[in-house]
Amino acid sequence: MKKLKRILLLALCTSLTPLSAFCAEEAKPIDEAKVMATKALYTTATLREIGCKDTAGAVKTFFSPRAEIRWKRLATEYAEEQLNDFFTGSMVLGDSNLNYSALYNPFWDTILLLNSTGLPEVPKIENFAFVSGCKFRGEPYAANPADVEGTVPKANPYAVDLWNVTSRTTKHYKTVYAPKAQAELTRLMLNDPKDTERIQIRSAVRLKLLLKFLQNKPMKREAQRMSLFLTGGHEEKMMHYFKDGGAGFVPQFAQLNPKLRENFIPYCYFPGKEATLFVFFNSAMPRIIVTVTYLRKGISRIMEWYDLMASDELMAIWNKSKEEKK
């Protein structure tokens, strides 16, 4: 297990290099294509940022009138808190085709596909599809709509489930969706009540767990304490707080660019008989997640962190370790 963790950490550091390089090169001149790409992704990222608190306002700002009407019909199926929650946990996906992007929430395993027009001026979203990851990837549905893969822990460690759905989704986006985005979006825009039901069930499960968290004042205080340690990134203090349960992950996490550690917030709460599991992430960049297992006995807090955009590599390492154990 220690060997596996060392490999995982190496994969994480490698996966974050391009992001660190981008931050370091912001001041360099960039060409027109990069300007347009940045503008397109910035629009999607800003839509997400506003949508975390005000989905109606975000839609009014970035959607065309026709698309806004369609969104209002969709919004009647969800409470505002549900839509806020979707945007909060979503990551931006993009491609060389600047007219298409997406917001993917692996905790819902649900994706919002966006088709925008108007570059190089301010883009406007003309079409969208809001579908489950299962429908997007073209996978067969589970027989039971309440089978909420990615939303709650199952047989594997929860982080592995998140890697799994994220890896499958990003791979499908790059290899299948992006090359024929227009046709795929047209197909996925069709009304599908059964798919909506699956998304609603996932959201309802999350809101029920969130309510439990809000009602548990001791766990709320503990989560706030964890958030301060994670955002602060002080290695010595974190090592003391997480004790032996974070020795393999704390040093690398503390060395991250402070921008990647800004405002870590609790997003998942899974109470159990033997332990409670929390998932935290940077509120501006949900791809960087931290899991904290709060045990009732023994080591009190076990901390691990991952970059979900490295899910392909992480899943490959996980599957290899399982094969070696057979």
Side-chain angles (χ1 to χ4, degrees), residues 44 47-48 50-56 58-59 63 67-93 100-115 125 127-154 158 161-173 176-177 184-212 267-270 279 281 286-287 308 311:
T44 306
L47 168 69
R48 174 200 168 269
I50 300 173
C52 292
K53 296 179 180 179
D54 178 14
T55 57
V59 167
F63 281 43
E68 184 182 2
I69 291 171
R70 280 193 59 230
W71 178 269
K72 286 180 177 178
R73 287 200 296 267
L74 178 149
T76 61
E77 302 284 348
Y78 303 90
E80 174 71 6
E81 292 80 4
Q82 289 175 288
L83 295 172
N84 293 162
D85 185 61
F86 168 79
F87 280 99
T88 298
S90 62
M91 306 182 298
V92 176
L93 301 182
Y100 294 88
S101 61
L103 291 170
Y104 173 62
N105 185 321
F107 309 93
W108 286 41
D109 189 26
T110 298
I111 191 165
L112 173 61
L113 298 156
L114 304 167
N115 170 215
I125 293 163
N127 285 310
F128 69 88
F130 189 60
V131 296
S132 69
C134 190
K135 180 174 181 178
F136 171 68
R137 297 183 298 264
E139 297 170 355
Y141 286 123
N144 183 0
D147 184 356
V148 286
E149 180 188 14
T151 301
V152 296
K154 295 205 161 189
Y158 185 52
D161 289 339
L162 292 175
W163 304 341
N164 196 343
V165 292
T166 304
S167 174
R168 282 152 44 203
T169 300
T170 54
K171 193 175 296 182
H172 185 83
Y173 188 96
V176 178
Y177 179 79
E184 282 291 287
L185 182 61
T186 300
R187 176 181 68 84
L188 294 166
M189 282 171 58
L190 295 174
N191 185 39
D192 187 344
K194 289 186 177 180
D195 194 60
T196 299
E197 179 189 11
R198 285 173 167 82
I199 297 172
Q200 288 171 330
I201 290 172
R202 292 168 183 273
S203 175
V205 169
R206 275 198 45 77
L207 288 182
K208 184 177 180 180
L209 288 167
L210 177 60
L211 180 61
K212 284 187 176 182
Y267 186 72
C268 297
Y269 169 76
F270 303 112
V279 177
F281 54 56
R287 60 179 274 187
L308 289 179
S311 291

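Throughout, numbering of the chain's residues begins at 1 and tracks the sequence.
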Any side-chain donor near an acceptor of the partner, E77 and T196, under 3.5 Å: no
Distance-only polar pair, side chains of N105 and T110, donor-acceptor under 3.5 Å: no
For [X] and [Y], take the angle between the two ring planes, folded into 0 to 90°, and tell me which bin it lands in: parallel under 30, tilted 30 to 60, perpendicular over 60.
{"X": "F130", "Y": "F86", "result": "perpendicular"}
{"X": "Y78", "Y": "W108", "result": "tilted"}
{"X": "Y177", "Y": "Y100", "result": "perpendicular"}
{"X": "H172", "Y": "F136", "result": "perpendicular"}

Could you report the tightest heavy-atom contact between [X] and [Y], atom names first, then the distance?
{"X": "D195", "Y": "S132", "result": "OD1-OG, 2.5 Å"}
{"X": "N127", "Y": "M189", "result": "OD1-CE, 3.5 Å"}
{"X": "C134", "Y": "P140", "result": "SG-O, 3.5 Å"}
{"X": "P286", "Y": "L308", "result": "O-CD1, 4.1 Å"}
{"X": "E80", "Y": "D54", "result": "OE2-CA, 3.7 Å"}
{"X": "C268", "Y": "F107", "result": "SG-CD2, 3.5 Å"}

Donor-acceptor pair, side chain of T166 and main chain of L162, under 3.5 angstrom: yes
Polar side-chain atom of S203 near backbone of Q200 as donor-acceptor pair, under 3.5 Å: no
State, yes or no, whether a side-chain contact exists between [X] and [Y] at a heavy-atom distance under 4.5 Å.
{"X": "C52", "Y": "R48", "answer": "yes"}
{"X": "K135", "Y": "Y141", "answer": "yes"}
{"X": "I125", "Y": "L47", "answer": "yes"}
{"X": "Y104", "Y": "T170", "answer": "no"}
{"X": "V148", "Y": "I201", "answer": "yes"}

Rounded at 0.5 Å granularity, tell me how far [atom1] in [X] sits from [atom2] in [Y].
{"X": "T55", "Y": "L74", "atom1": "OG1", "atom2": "CG", "answer": "10.0 Å"}
{"X": "D85", "Y": "L210", "atom1": "CG", "atom2": "CG", "answer": "7.0 Å"}
{"X": "F128", "Y": "N115", "atom1": "CZ", "atom2": "CG", "answer": "11.5 Å"}
{"X": "T151", "Y": "R198", "atom1": "OG1", "atom2": "CZ", "answer": "13.0 Å"}
{"X": "N84", "Y": "I50", "atom1": "CG", "atom2": "CD1", "answer": "12.5 Å"}
{"X": "L207", "Y": "K212", "atom1": "CG", "atom2": "NZ", "answer": "13.5 Å"}

Do [Y] and [X] meet the salt-bridge criterion of a basic N to acidic O distance under 4.0 Å?
{"X": "K154", "Y": "D161", "value": "no"}
{"X": "R187", "Y": "E184", "value": "yes"}
{"X": "R168", "Y": "D109", "value": "no"}

Row check, Y267 ring normal vs R206 NZ/CZ: under 6.0 Å, within 45°: yes
